[in-house]
Q: 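Supplied in structure tokens, the structure appears directly below.
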There are 2 protein chains.
Amino acid sequence: MKQNSIPEVITKNDSTKRHRQYEKRLRSILRAASQVFAKEGFEGASVRDVAAKAKINLSGIYYYFTNKDELLYALQHHTFSTLHETLEGRLATLRDSEDRLKAVIENHFELFAGNMDDLKVCVHELESLSGKYYREVLDVRRKYYRLVRSVVAQNLDGRSHDVDLATLFLYGSLNWVYTWYDADKNADIRKLSDGLLKIYMNGIRTS
Amino acid sequence: MKQNSIPEVITKNDSTKRHRQYEKRLRSILRAASQVFAKEGFEGASVRDVAAKAKINLSGIYYYFTNKDELLYALQHHTFSTLHETLEGRLATLRDSEDRLKAVIENHFELFAGNMDDLKVCVHELESLSGKYYREVLDVRRKYYRLVRSVVAQNLDGRSHDVDLATLFLYGSLNWVYTWYDADKNADIRKLSDGLLKIYMNGIRTS
DNA sequence: ATATAGATCGAACGTCCGTTCTAATATTAT
DNA sequence: ATAATATTAGAACGGACGTTCGATCTATAT
């Protein structure tokens with residue numbers, strides 16, 4: 001039943017009991033990998049740790065994934081794709097430029113709050129892959145970047161800001177969150193979103 | 001001649017030839033470590049790589065540093081201290097709140113441009129140390145954070161922003177720079193500083 | 001019930017890593 | 001010159017790591 005080397009691409013909608021078991025295991029491994037990578041870093045984490053957390057034998061991992069890199073690849077590809085897709089979904093119904101910028105920020109923060117480990121691994125291990133894996137993840141990242149950039153550009157319209165610079169500053173605020181966010185202290189995600197939106201739109205001068 | 005286990009704290013101003021040689025070697029090792037850690041990540045980098053880049057024997061490293069962690073500690077402690085000290089120096093003569101905020105941003109970006117590897121290692125390996133090493137670096141980071149925070153607070157004065165949130169968003173923009181900065185493309189550091197200052201102060205709405 | 005393919009497991013291999021130990025060399029002090 | 005000390009060098013250790021392999025177990029199909 002083992003399929004493609006790229007787990008995202010599910011071959012057939014084979015909904016046998018076996019297939020469902022397979023997918024369940026695969027997801028549980030990815031969840032374990034996400035937790036371990038987030039805690040130890042990709043290089044510092046061992047496949048043995050992932051196996052232990054997923055309650056599977058070490059070699060069992062290699063039945064589902066061809067190597068350690070592919071674990072990170074699957075994680076990053078899936079998470080960045082989700083980030084991009086959910087944002088596209090939100091933007092589809094919005095026309096007002098400020099609403100769209102708000103959607104960008106809320107989408108990022110809400111997805112982060114719901115998948116802290118995933119987002120942290122994505123943001124912190126940007127350079128841990130290489131070759132084909134790296135390039136494919138980079139493609140998705142670029143798609144997401146372009147989408148965010150287009151929303152920023154729409155808000156900038158006519159003003160003398162460098163679009164990429166403005167986008168990257170926003171990116172920084174969004175991505176840095178994993179280093180300080182505390183689920184207890186910063187429970188209210190909407191407050192974070194509003195705070196950033198206000199500052200980014202109007203600056204810290206306005207109240 | 002080997003001194004304290006914490007290289008920052010130079011014991012005596014022993015200016016013998018030997019001592020000067022010792023310090024030179026020590027700095028060359030730190031520079032090598034900075035380059036290797038920036039490229040491979042702290043966990044991914046090997047002490048052998050650092051030794052090779054510093055053109056010293058592997059065991060030579062252990063004459064100057066007690067272990068690999070101490071290399072990172074020395075690097076981070078020194079760089080964060082510098083960041084803090086240079087900012088304090090700049091702020092000493094400035095009273096206007098916007099000027100002071102500008103100093104924060106310029107200080108960070110200029111120091112980054114001049115020591116890309118150091119800053120990257122500092123920002124990217126925030127969690128790679130533990131125990132005493134971690135705590136001591138954290139102390140310096142906190143000092144720097146408080147200083148930046150106080151400048152932000154001064155600019156916020158009376159307005160309904162959360163001071164920590166506002167500081168952390170600024171932090172994000174500042175620290176994220178290592179992921180995208182290209183010395184050729186973004187040669188003009190002052191342009192970066194001005195761009196961020198404008199956005200952070202006035203938002204993207206104003207031209 | 002038996003055959004077949006899917007899934008799990010235990011054990012091992014080769015490699016690289018951080019660190020240490022001891023000997024050798026270079027520099028300074030007497 | 002000789003002794004003392006600072007520094008470098010080479011070799012090795014024990015352990016952890018990613019990965020592989022063949023055996024074994026399990027579920028499905030006939």
Side-chain angles (χ1 to χ4, degrees), chain A residues 1-5 7 10-12 14-29 32-33 36-37 40-74 125 128-131 133, chain B residues 1-5 7 10-12 14-29 32-33 36-37 40-74 125 128-131 133:
Chain A
M1 172 151 307
K2 176 164 193 193
Q3 352 216 0
N4 202 299
S5 67
I10 303 298
T11 50
K12 295 256 159 60
D14 173 0
S15 65
T16 60
K17 208 169 179 180
R18 230 182 201 149
H19 186 82
R20 268 176 284 133
Q21 269 292 117
Y22 176 88
E23 288 202 313
K24 205 172 167 184
R25 266 285 205 223
L26 196 145
R27 270 192 294 270
S28 92
I29 292 174
V36 176
F37 292 170
E40 316 285 347
F42 178 69
E43 293 269 8
S46 77
V47 180
R48 283 167 176 83
D49 293 338
V50 176
K53 182 138 271 181
K55 280 172 191 157
I56 195 177
N57 187 278
L58 167 61
S59 40
I61 302 277
Y62 289 88
Y63 182 74
Y64 291 87
F65 296 88
T66 66
N67 53 43
K68 190 187 177 188
D69 280 1
E70 200 183 70
L71 274 173
L72 180 57
Y73 165 78
E125 308 293 348
S128 299
L129 290 177
S130 61
Y133 287 142
Chain B
M1 171 150 309
K2 175 162 193 192
Q3 351 215 358
N4 204 301
S5 67
I10 302 299
T11 49
K12 296 254 159 62
D14 172 358
S15 65
T16 59
K17 208 171 181 181
R18 230 185 199 144
H19 186 82
R20 270 176 281 132
Q21 270 291 115
Y22 176 88
E23 288 202 312
K24 205 171 168 185
R25 267 283 205 223
L26 196 144
R27 271 191 294 269
S28 94
I29 292 174
V36 176
F37 292 171
E40 317 285 347
F42 178 68
E43 292 269 5
S46 77
V47 180
R48 283 168 176 83
D49 293 339
V50 175
K53 182 138 273 182
K55 281 170 187 155
I56 196 177
N57 187 278
L58 167 61
S59 43
I61 301 278
Y62 289 89
Y63 181 74
Y64 291 88
F65 296 88
T66 66
N67 53 42
K68 189 187 176 188
D69 281 0
E70 199 183 71
L71 274 173
L72 180 56
Y73 165 79
E125 309 293 350
S128 298
L129 289 178
S130 61
Y133 286 143

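Numbers restart at 1 for each chain; the letters A, B, ... are given by sequence-line order, proteins then strands.
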Q: What integer distance in Å separates A:D49:CG from D:dT19:C1'?
A: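 Distance, rounded to whole Å: 16 Å.
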Q: Roughly, in whole Å, what's the span from CD1 in A:I61 to C1' in D:dG18?
A: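 Those two atoms, CD1 and C1', are 12 Å apart.
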Q: If you measure from OH on A:Y63 to CD1 on A:I29, what distance do you get to the nearest 0.5 Å?
A: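 The OH atom of A:Y63 sits 11.0 Å away from the CD1 atom of A:I29.
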Q: How close do B:K68 and B:E43 get, heavy atom to heavy atom, and via which atoms?
A: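 Result for this residue pair: NZ-O, 3.7 Å.
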Q: Heavy atoms under 4.0 Å, any strand shown: does A:A51 hit a base, just sugar-phosphate, or nothing?
A: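 Counting heavy atoms under 4.0 Å across all strands, no contact is made by A:A51.
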Q: Of the listed nucleotides (D:dC17, D:dT7, C:dA7), which one gets closest to any side-chain atom of A:S46?
A: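 For A:S46, the side-chain atoms sit closest to D:dC17.
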Q: For DNA chain D, what are the stems built from at least three Watson-Crick or G-U pairs in a row, each pair having both distances below 3.5 Å?
A: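 Stems (3+ consecutive pairs) listed as C:1-30 with D:1-30.
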Q: By nearest nucleotide on DNA chain D, pick out whichever of B:G60 and A:E43 is the more 5' one.
A: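 Its nucleotide being nearer the 5' end, the pick is B:G60.
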Q: When you measure from the side-chain N and O atoms of A:Y63 to the phosphate of C:dA7, is any distance below 4.0 Å, counting only OP1 and OP2?
A: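 Checking A:Y63 against C:dA7: at least one side-chain N or O falls below 4.0 Å of OP1 or OP2.
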Q: If I take atom CG in residue A:L71 and atom C1' in nucleotide D:dC17, what distance separates them, rounded to the nearest angstrom?
A: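 Distance, rounded to whole Å: 15 Å.
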Q: Figure out the CZ/P separation between B:R20 and C:dT27, and round it to whole Å.
A: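 These atoms are roughly 14 Å apart.
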Q: Roughly how far, to the nearest 0.5 Å, is the OG atom of B:S128 from the CD atom of A:E40?
A: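 Result: 11.0 Å between the selected atoms.
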Q: CG of B:L72 versus C1' of C:dG18: gap in Å, rounded?
A: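 Distance check: B:L72 CG to C:dG18 C1' gives 15 Å.
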Q: Please table the atom pairs, donor to acceptor, closer than 3.5 Å between any side-chain atom in residues 48-56 of chain A and protein atoms at least two apart or in another chain.
A:
from	atom 1	to	atom 2	distance (Å)
A:D49	OD1	A:S46	OG	3.4
A:D49	OD2	A:S46	OG	3.2

Q: Rounded to whole Å, how long is the line connecting atom CD1 of A:I56 with atom P of D:dT26?
A: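 To the nearest whole Å, that distance equals 15 Å.
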Q: Just how far is it from atom CZ of A:R27 to atom OH of A:Y22, taken to the nearest 0.5 Å?
A: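 The distance works out to 11.5 Å.
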Q: With a 4.5 Å cut-off on side-chain heavy atoms, are B:R25 and B:Y64 touching?
A: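 They are in side-chain contact.
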Q: Can you tell me how far CD1 of A:I61 sits from CG of A:N67, rounded to the nearest 0.5 angstrom?
A: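 The distance works out to 12.0 Å.
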Q: Just N and O in the side chain of B:Y62: are any of them under 4.0 Å from OP1 or OP2 of C:dC21?
A: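 For C:dC21, neither OP1 nor OP2 has a side-chain N or O of B:Y62 closer than 4.0 Å.
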Q: Are the side chains of A:F42 and A:D69 in touch, meaning some heavy atoms are under 4.5 Å apart?
A: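 Heavy-atom side-chain distance check passes, below 4.5 Å.
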Q: Given atom CZ of A:F65 and atom C1' of D:dT19, what is their separation to the nearest angstrom?
A: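 A:F65 atom CZ is separated from D:dT19 atom C1' by 16 Å.
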Q: From the set C:dT8, D:dT8, C:dT19, return the single nucleotide nearest to any side-chain atom of B:R25.
A: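 Of C:dT8, D:dT8, C:dT19, D:dT8 is nearest to the side chain of B:R25.
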Q: Could you state the atom-to-atom distance from CD1 of A:I29 to P of C:dA7 in whole Å?
A: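 For the pair A:I29 CD1 and C:dA7 P, the rounded distance is 11 Å.
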Q: Which atoms of nucleotides 10-12 of chain C (N or O only) lie under 3.5 Å from a protein N or O atom, and what are those distances?
A:
from	atom 1	to	atom 2	distance (Å)
C:dG10	OP2	A:N57	ND2	3.0
C:dG10	N7	A:N57	OD1	3.4
C:dG10	O6	A:S59	OG	2.6

Q: Quick one, B:Y133 and B:L72 - any side-chain contact, counting heavy atoms below 4.5 Å?
A: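 In short, these two side chains do not touch, never coming nearer than 4.5 Å.
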